[in-house]
Amino acid sequence: MAHTAMSGYGTTAGDDPLQTAVWRLRSRACWADAAALLEPRTASAALQRASLLVERCLYTEQGWAEAEDALRTAEALAQSDDERGAAACERGQLAYASTLLAVRDRADEARAALGRAAALIAPGAPGRALLDFRRGLLAENLAHSPQSARAAYRRAHAGATAQDNPLLLSFTWRHLAGLALREGELVEARHGFRESLRIREELGYLVGTAPALASLADAETEPEASRLRAEAGRLFRLLGGVPTWLADQLTPPAATA
């Protein structure tokens with residue numbers, strides 16, 4: 001995920017041409033090219049650039065030094081509480097990605113950064129829904145607390161709905177569905193995964209479509225599951241094996257025996 005201020009930019013007709021270009025590159029896994037279009041002269045541009053490079057780390061497991069540099073620039077330019085909170089949210093996400101992908105354990109840094117962001121970003125502010133979502137990720141994947149994760153995802157889902165942020169909704173739908181699937185709630189899981197996939201296809205979020213297809217495949221029965229997984233694999237290969245962590249999920253369970 002990226003900074004809320006850019007999540008919907010460039011996805012609809014009439015948007016700023018620069019944001020449209022950034023979105024097209026980002027959605028096709030060209031994060032470095034998208035970041036190169038942004039001059040980090042203002043806090044907003046620096047934050048957007050940093051969020052692109054942080055997202056690249058999560059999807060490719062590469063570019064950590066560039067993301068750190070971009071984050072330091074964003075932190076230096078931030079002046080308002082919202083800007084400082086958004087920068088802290090990105091730092092928390094970078095530390096989370098490093099921990100999740102076993103690059104380096106930065107779990108304490110992730111918790112501290114997101115806690116700092118929560119103190120700076122007011123409830124109802126534009127960046128709060130994204131912050132809630134990321135706190136859910138920590139609860140689910142680092143603290144292994146599905147109940148806390150569900151509560152955070154639901155807050156993020158409500159915030160994304162109120163702010164008309166469809167990209168973030170695609171993430172909250174997917175992660176709430178993942179928790180439902182873990183609990184054996186197949187109807188709820190399928191609904192959430194389908195909503196996530198629908199939104200991503202409508203937005204043209206190509207790099208996020210393969211994970212959405214693979215997640216839905218996990219909740220479906222054969223032969224639909226194999227069809228979805230094959231389509232996810234096609235997109236995965238089209239984008240050069242991105243996101244890297246999807247490779248294992250695309251292997252059918254029977255093939256791993």
Side-chain angles (χ1 to χ4, degrees), residues 1-80 82-98 100-101 103-104 106 113 117 126-127 130-131 133-134 165-168 170-171 200-211 235-246:
M1 278 299 298
H3 177 42
T4 300
M6 75 176 229
S7 293
Y9 283 14
T11 61
T12 58
D15 283 339
D16 184 324
L18 173 61
Q19 293 298 332
T20 299
V22 168
W23 168 254
R24 286 176 178 169
L25 289 166
R26 176 195 176 194
S27 65
R28 289 160 176 76
C30 300
W31 294 279
D33 291 337
L37 296 178
L38 300 166
E39 290 287 343
R41 295 174 180 170
T42 65
S44 177
L47 280 166
Q48 185 174 2
R49 185 172 180 275
S51 68
L52 286 165
L53 297 176
V54 168
E55 187 173 75
R56 178 178 66 164
C57 292
L58 181 60
Y59 278 71
T60 69
E61 304 180 54
Q62 297 177 357
W64 302 95
E66 293 90 340
E68 288 283 359
D69 288 344
L71 259 176
R72 283 192 288 270
T73 298
E75 288 165 342
L77 289 172
Q79 296 184 5
S80 69
D82 280 348
E83 290 168 350
R84 286 190 288 269
C89 190
E90 292 303 330
R91 180 158 293 285
Q93 180 71 352
L94 184 63
Y96 163 77
S98 176
L100 184 72
L101 299 173
V103 175
R104 182 159 63 90
R106 298 171 61 180
L130 177 61
L131 172 61
F133 173 71
R134 288 177 169 173
N165 186 336
L167 182 60
L168 182 53
S170 81
F171 281 89
R200 291 179 179 196
E201 288 180 336
E202 288 177 356
L203 292 176
Y205 188 47
L206 193 62
V207 73
T209 300
L235 286 174
F236 177 74
R237 291 187 295 273
L238 179 67
L239 293 173
V242 175
T244 54
W245 39 261
L246 189 59

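Since this is a predicted model, take the numbers as computed values, not measurements. Values below: all heavy atoms of this structure, side chains included; hydrogens, waters and symmetry mates excluded.
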(request) In plain terms, say whether R106 and E68 are close enough for a salt bridge, that is, a side-chain N and a carboxylate O under 4.0 Å apart. (result) yes
Atom of [X], atom of [Y] and distance for their closest heavy-atom approach:
{"X": "P211", "Y": "L246", "value": "N-CD2, 3.8 Å"}
{"X": "R26", "Y": "A34", "value": "N-CB, 4.2 Å"}
{"X": "A117", "Y": "G85", "value": "CB-O, 3.4 Å"}
{"X": "W245", "Y": "E61", "value": "N-OE2, 4.4 Å"}
{"X": "L77", "Y": "A43", "value": "O-CB, 3.6 Å"}
{"X": "A87", "Y": "L71", "value": "O-CD2, 3.7 Å"}

Flag side-chain contact, heavy atom, 4.5 Å: [X] against [Y]:
{"X": "S170", "Y": "L203", "answer": "no"}
{"X": "V242", "Y": "W31", "answer": "yes"}
{"X": "R91", "Y": "R72", "answer": "yes"}
{"X": "R56", "Y": "L53", "answer": "yes"}
{"X": "Q62", "Y": "T244", "answer": "no"}
{"X": "V22", "Y": "L52", "answer": "yes"}

Between atom [atom1] of [X] and atom [atom2] of [Y], what is the distance when rounded to the nearest 0.5 Å?
{"X": "E66", "Y": "C57", "atom1": "CD", "atom2": "SG", "value": "7.5 Å"}
{"X": "L58", "Y": "L100", "atom1": "CG", "atom2": "CG", "value": "7.0 Å"}
{"X": "L37", "Y": "Q19", "atom1": "CG", "atom2": "CD", "value": "9.5 Å"}
{"X": "S51", "Y": "E90", "atom1": "OG", "atom2": "CD", "value": "5.0 Å"}
{"X": "R24", "Y": "L206", "atom1": "CZ", "atom2": "CG", "value": "13.5 Å"}
{"X": "R84", "Y": "Q79", "atom1": "CZ", "atom2": "CD", "value": "8.5 Å"}

(request) Could you go through the side chain to side chain contact (heavy atoms under 4.5 Å, CB included) check for L239 and Y59 one step at a time? (result) CA-CA 11 Å; L239 293 173; Y59 278 71; over 6 Å; no
(message) Treating R49 as the side-chain partner and A45 as the backbone partner, does any N or O pair qualify as donor plus acceptor under 3.5 Å?
(response) no
(request) Please confirm whether the backbone N or O of R104 pairs with a side-chain atom of S98, one donor and one acceptor, at under 3.5 Å? (result) yes
(request) Please state whether the rings of F171 and F133 are parallel, tilted or perpendicular, taking 30° and 60° as the class boundaries. (result) perpendicular
